[in-house]
Amino acid sequence: MSNYQTPDSKKEEFRKYLEKSGVIDALTKVLVGLYEEPERPPNAVDYIKRYMGAPTGVDVEAMRSENEQLRKEREELRATVEELNARIKEGDGDDA
């Protein structure tokens, strides 16, 4: 027999995974917190992000781009340091 799962069994497996990993409890808590707010926040998604500890107002793509640029700059600086160290070693050999 093949390892075929019905859509219902896949859903049940995923539900068990979410429950075991604590996702369902965390989502329940945040939704209860949102429900119990005396005044509804203007942006429910931002409220949930803040409640879950995610930073808000952050441009993730800009951070990724900056991170990539900094990685390239770091590699260039490492290459420069290696080149300069090699020149120093060459100079030390000439003086001897």
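The analysis underlying the following values was restricted to heavy atoms, covering all of them including side chains, and did not include hydrogens, waters or symmetry mates.
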Test of understanding: clusters of I, L, V, M, F, W, Y form through side-chain heavy atoms closer than 4.5 Å, transitively. Do I24 and F14 belong to the same one?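 Yes, I24 connects to F14 through the hydrophobic network.
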Taking only residues two or more places apart in sequence, or in another chain, which ones meet N43 in a side chain to side chain donor-acceptor pair (under 3.5 Å)?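 Counting only residues at least two positions away or on another chain, N43 forms a side chain to side chain donor-acceptor pair (under 3.5 Å) with D46.
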Once side chain to side chain donor-acceptor pair (under 3.5 Å) is applied, do any residues pair with T80, and if so which ones, sequence neighbours excluded?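 By the side chain to side chain donor-acceptor pair (under 3.5 Å) rule, T80 matches no residue at all.
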With sequence neighbours left out, write down each residue that passes side-chain contact (heavy atoms from CB on, under 4.5 Å) with [X], or none if nothing qualifies.
X   : value
L77 : E73
E76 : none
M52 : A26, V30, I48
V81 : N85

Just wondering, do Y51 and K29 contact through their side chains at under 4.5 Å, heavy atoms? yes
Applying side chain to side chain donor-acceptor pair (under 3.5 Å), which residue pairs with at least one partner in residues 14-24 are found, sequence neighbours left out?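 Counting only pairs at least two positions apart or across chains, the side chain to side chain donor-acceptor pair (under 3.5 Å) contacts touching residues 14-24 are E12-R15, R15-E19.
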Before giving the answer on side chain to side chain contact (heavy atoms under 4.5 Å, CB included), spell out for E37 and Y47 the whole-Å C-alpha distance, their side-chain angles and the decisive distance to 0.1 Å. CA-CA 10 Å; E37 277 292 315; Y47 174 88; 3.5 Å; yes
According to salt bridge (charged side-chain N to carboxylate O under 4.0 Å, His left out), who are the partners of [X], at least two apart in sequence or on a separate chain?
X   : result
E61 : R64
R78 : E75
R87 : E83

Can you tell me how far the CG atom of N67 sits from the CZ atom of R74, to the nearest 0.5 Å?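 Reported to 0.5 Å precision, the distance equals 8.5 Å.
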